[in-house]
Amino acid sequence: MPAHSEHNISMNIINTLQNAVAQAVEQLYGGPCDPSKVMVNTTPSDFTGDYSVVVFPFVKISKKSPDATALEIGAILVQNVSEITAFNVVKGFLNVEISAAFWLNFLQETNANPDFGRQPRNGKKVMVEFSSPNTNKPLHMGHIRNILLGWSCSCILEAVGYDVVKTQIINDRGVAICKSMLSWKKFGDGQTPDSTGIKSDHFVGDWYVLFEQKIRAEYEAWQQSDTAKTLLETHLKPGLSEKDFFKDFKNKWFNEYAELGAEVREMLLKWEENDPETLTLWKKMNGWVYAGFDKTYTDLGVTFDHLYYESKTYLLGKDIVEDGLSKGVFYQKEDGSVWIDLTDAGLDHKVVLRADGTSVYITQDLGTARMRFQELGCEQFVYVVADEQNYHFQVLFEILRRLDEPYAEGLHHLSYGLVELPTGRMKTREGTVVDADDLIAEVVKLADDQSKERGEIEGISPTEKTENLRRVGMGALKFFIIKVNPKKRMIFNPEESVDLQGQTGPYIQYSFVRINGLMQRVEKENIDLSLAWQYNDLQPQEKDLLAALHDFPAIVAAAAKEYDPSMVANYCYTLAKSYHRFWHDLSIFNAENLETKAFRLTLSNTVGKVLQRGMGLLGIEMPGRM
RNA sequence: GGCUCCGUAGCUUAAUGGAUAGAGCACCUGACUACGGAUCAGGAGGUUAGAGGUUCGAGUCCUCUCGGAGUCACCA
């Protein structure tokens, strides 16, 4: 154990530097200096030093040149901070070098700390809502992005101290599922997922697609009818083509003219009246969908703590409307509809209750929020929903604020960009969706093919091999999606699919596999690692790794604060990259002496653990071999 | 049209207002009789859409222009 181990070594070195700089500035120049405002970065590799302090902000108080200021601060730092061994100044940047003793001590503590990167429980409860599928069709690429974001965000929030409740609200009612139901009832001829061998959620989705085909055919036929022609003549405006007219007219037609449309509405009505036959059918088809979803969720490795069903929540929110009316937050129009005026918040007027007293989408969300608060006791809520609903959430949160809901300040919309294909948006009706199950199967097969080509993992048991390759495939897919900043729109090219080389999940997994190989040998040869702490010749590649390891807790904290898992993904990549370089440049098992060997093995071990933890936060598992 | 978001190398992308904008893919050239080559090193590729402004310092902040997306339902 290094001599100064009494020192609070677990304190972040960057905080130490910030405090010391602030103190030095106050001592030298008298002015107050907030330590948290002191900029400390890792020093770029072309300069000597480990960390760099930006001194430009201090020249106002020092009334000296940047270089002179840096020299003065540096002199004090090197005197006051035991971890600093030297400093230099380049163009107003103060570069400091950190002692080997600090790094050794840091490694020792980190390697022994199973909670490295985790923070103590903060006693706060946060709900994360994600996935939230419709039950009329299987999950697709867009859901995958949503699910991975929700899952990794949950893991990250958990790591920084929250008690996390993972939920989804399942949209199990409405016109869409009725379309599947009606279609199956009319044309299904008693077929089932079992009788056809089709995965059960896909089975239900197929009937939805069939319905859409039928309705399109009906519409096209109707357009030739006398009624349609008369309508066209009376409503066609100059500049509007016949085609555009019918495109715009489609909704109205569906609601007022279509035969299939009438049947769907009738079914929905029956459902709302609790018609036994309709409910039985509804339960049967939703049951099929859930069985299919379960399989996909299992493949993705996600679970939920609490499920909500729209069929049970869609009537909620009316009490809130009452409440808001009595508080004067809402106002009622003559026709009886209830509104809120949000124009002073840069938003618009928004209806919260229809004239006939039924609720709209946002009413339900208002009610659900309050119910969840009462039921789960969460003070924070994260909604993982695509950015096309940005405005909706602005309105929702603003209304909850005005209602003085106790959790109103803890609401967050984790908005992410839609996943699109090179040809544009995915459309179920046009069959241009990238199906989740297909994609999963494809990427696991890709990992399998690549593995065969390399032939590295012959000789392990088939089950172990399958599991490893599943992890590689899923790692590739998940990392591919999570590494991109959530708010960015994503274009997914199924042709090019997912890479396994370069900035990818498997690249990171591969560094773990290398380390895993080393550790197995350590165990087998019973190597004594305690000599590591006598090592005293730190190489740049080793310092890179140590500094990267040191960053981990701050990265997790920042990712939680920003609700941005891509920060963790990029961190893992950088760490793995440094490790590959370290591996290439330096000998580990064949190191010059036993201290060096023990140190490099311990360093490798710690890198492996942090990589595993970091990837774990993204829902990515590490293979033992690949 | 109003409001919101986005525009970084051929493509995918990184960069709490800080040093010469950092990676990956694709392309070219190299590297183990050594711990696993899904690796490593090097080359080429950028007026960060454009123009002003603030700042010691701007991809990042402000204004305008251009281009793209989303939204503006008593739909969900």
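Order of the sequence lines sets the chain letters (A, B, ...), proteins ahead of strands, with each chain counted from 1.
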*Under 3.5 Å, is there a donor-acceptor pair between the side chain of Thr602(A) and the main chain of Ala598(A)?*
yes
*Name the stems that RNA chain B belongs to, where each is three or more consecutive Watson-Crick or G-U pairs with both distances under 3.5 Å?*
B:1-7 with B:66-72, B:10-13 with B:22-25, B:27-31 with B:39-43, B:49-53 with B:61-65
*Which part of the nucleic acid, if any, lies within contact of Val472(A), taking any heavy atom under 4.0 Å across all strands shown: a base, the sugar-phosphate backbone alone, or nothing?*
base
*Name the nucleic acid region contacted by Pro623(A), choosing base, sugar-phosphate or nothing; use a 4.0 angstrom heavy-atom cut-off, strictly under.*
nothing
*When you check the phosphate oxygens OP1 and OP2 of rU20(B), does a side-chain N or O of Lys91(A) lie under 4.0 Å from one of them?*
yes
*asked:* What's Ile481(A) touching, base or sugar-phosphate or nothing? Going by heavy atoms closer than 4.0 Å.
replied: nothing
*When all nucleic acid strands are considered with a 4.0 Å heavy-atom cut-off, which category describes Asn171(A): base, sugar-phosphate, or nothing?*
nothing
*Taking the six-membered ring of Tyr416(A) as reference, does the NZ or CZ atom of Arg145(A) fall below 6.0 Å from its centre and within a 45° cone about the axis?*
no
*Is the Tyr29(A) to Phe58(A) ring centre distance short of 6.0 Å?*
no
*asked:* For Ser65(A) and Asp67(A), which I'm curious about, is there any donor-acceptor pair between the side chains at under 3.5 Å?
replied: no
*Asn41(A) has an atom CG; how far is it from atom C1' of rG17(B), in whole Å?*
11 Å
_rU12(B) phosphate, OP1 or OP2, under 4.0 Å from Lys483(A) side-chain N/O_ = no
_For Arg471(A), is there an ion pair with Glu467(A) - N to carboxylate O distance below 4.0 angstrom?_
yes
*With a cut-off of under 6.0 Å to the ring centre and 45° to the axis, is Arg514(A) in cation-pi contact with Tyr579(A)?*
no
_Would you say that Ser511(A) contacts Leu611(A) through its side chain, given a criterion of any heavy-atom pair below 4.5 Å between the two side chains?_
yes
*Go through rA38(B), rA19(B), rC35(B) for me and flag the one nearest to the Phe589(A) side chain.*
rC35(B)
_Using atom C1' in both nucleotides, what's the gap between rG24(B) and rC66(B) to the nearest angstrom?_
30 Å
*Select base, sugar-phosphate, or nothing to describe what Ser587(A) touches, counting heavy atoms under 4.0 Å on all strands.*
base
*Using a 4.0 Å heavy-atom cut-off across all strands, classify Val360(A) as base, sugar-phosphate, or nothing.*
sugar-phosphate
*Short question: side chain of Glu420(A), backbone of Gly424(A) - any donor-acceptor pair under 3.5 Å?*
no
_Looking at the base of rC74(B), is there any donor atom on it, or on the side chain of Asp356(A), that sits under 3.5 Å from an acceptor on the other one?_
no
*Pair Arg425(A) + Glu388(A): basic N to acidic O under 4.0 Å*: yes
_Using OP1 and OP2 only, check whether a side-chain N or O of Lys488(A) sits under 4.0 Å from rA14(B)._
yes
_Near-parallel close stack of Phe93(A) and rA19(B) base (under 5.5 Å, under 30°)_ = yes
*Picking from rG36(B), rA19(B), rU16(B), which would you name as closest to the side chain of Met39(A)?*
rU16(B)
*Expressed in whole Å, how much space separates the C1' atoms belonging to rA21(B) and rU13(B)?*
13 Å
_P spacing across the pair rC61(B) / rA14(B), given as an integer number of angstrom_ = 15 Å
*Going 5' to 3' through nucleotides 39-46 of chain B, assign each nucleotide B (protein heavy atom under 4.0 Å from a base atom), S (under 4.0 Å only from sugar-phosphate atoms) or - (no protein heavy atom that close).*
SSS-----
_With a 4.0 Å limit, can you tell me whether Arg173(A) has a side-chain N or O closer than that to the phosphate oxygens OP1/OP2 of rA76(B)?_
no
_P-based separation of rG2(B) from rC64(B) [nearest Å]_ = 12 Å
*Got a sec: does the NZ of Lys487(A) have more than 12 other heavy atoms crowding it under 6.0 Å?*
no
*Tell me whether the centres of the aromatic rings in His412(A) and Tyr563(A) are closer together than 6.0 Å.*
yes
*Could you check which of rG36(B), rA76(B), rC25(B) has an atom nearest any side-chain atom of Glu456(A)?*
rG36(B)
*Select one nucleotide: of rU16(B), rU20(B), rA38(B), the one nearest the side-chain heavy atoms of Gln450(A).*
rA38(B)
*Kindly confirm or rule out a cation-pi arrangement of Lys179(A) over Phe254(A), judged by NZ or CZ under 6.0 Å from the six-membered ring centre and within 45° of its axis?*
yes
*Record whether the side chain of Ser52(A) comes under 3.5 Å of the base of rA19(B) through a donor-acceptor pair of N or O atoms.*
yes
*Please work out whether the ring planes of Trp339(A) and His349(A) are parallel, tilted or perpendicular, with thresholds of 30° and 60°.*
perpendicular
*asked:* Using a 4.0 Å heavy-atom cut-off, does Glu310(A) contact any base of the nucleic acid, only the sugar-phosphate backbone, or nothing at all?
replied: sugar-phosphate
*Expressed in whole Å, how much space separates the P atoms belonging to rG7(B) and rU54(B)?*
25 Å
*Find which nucleotide of RNA chain B each of Lys333(A) and Pro44(A) is nearest to by heavy atoms, and output the residue with the more 5' nucleotide.*
Pro44(A)
*asked:* With a 6.0 Å cut-off on the ring centroids, do Tyr314(A) and Trp271(A) count as close?
replied: yes
_Base, sugar-phosphate or nothing for Asn134(A)? Non-hydrogen atoms, less than 4.0 Å._
nothing
*Taking for each residue the nucleotide of RNA chain B with the nearest heavy atom, is it Met490(A) or Val513(A) whose nucleotide lies nearer the 5' end?*
Met490(A)
*For Asn516(A), report the nucleic acid contact type (base, sugar-phosphate, nothing); a contact means any heavy atom under 4.0 Å.*
nothing
_What's Ile588(A) touching, base or sugar-phosphate or nothing? Going by heavy atoms closer than 4.0 Å._
base
*Separation between the C1' atoms of rU60(B) and rA49(B), rounded to whole Å*: 16 Å
Show the distances under 3.5 angstrom between N or O atoms of the protein and N or O atoms of nucleotides 66-73 of chain B.
from: rG70(B); atom 1: OP1; to: Arg425(A); atom 2: NH1; distance (Å): 3.4

*asked:* In whole Å, I'd like the distance from the CZ atom of Phe480(A) to the P atom of rC25(B).
replied: 13 Å
*For nucleotides rG46(B) and rC11(B), find the distance between their C1' atoms and express it as a whole number of Å.*
14 Å
*Check: Asn516(A) side chain, Arg625(A) main-chain N or O, donor-acceptor pair, under 3.5 Å*: no
*Remember a base hit wins even if backbone is also touched, and classify Phe47(A) as base, sugar-phosphate or nothing at under 4.0 Å, heavy atoms.*
base
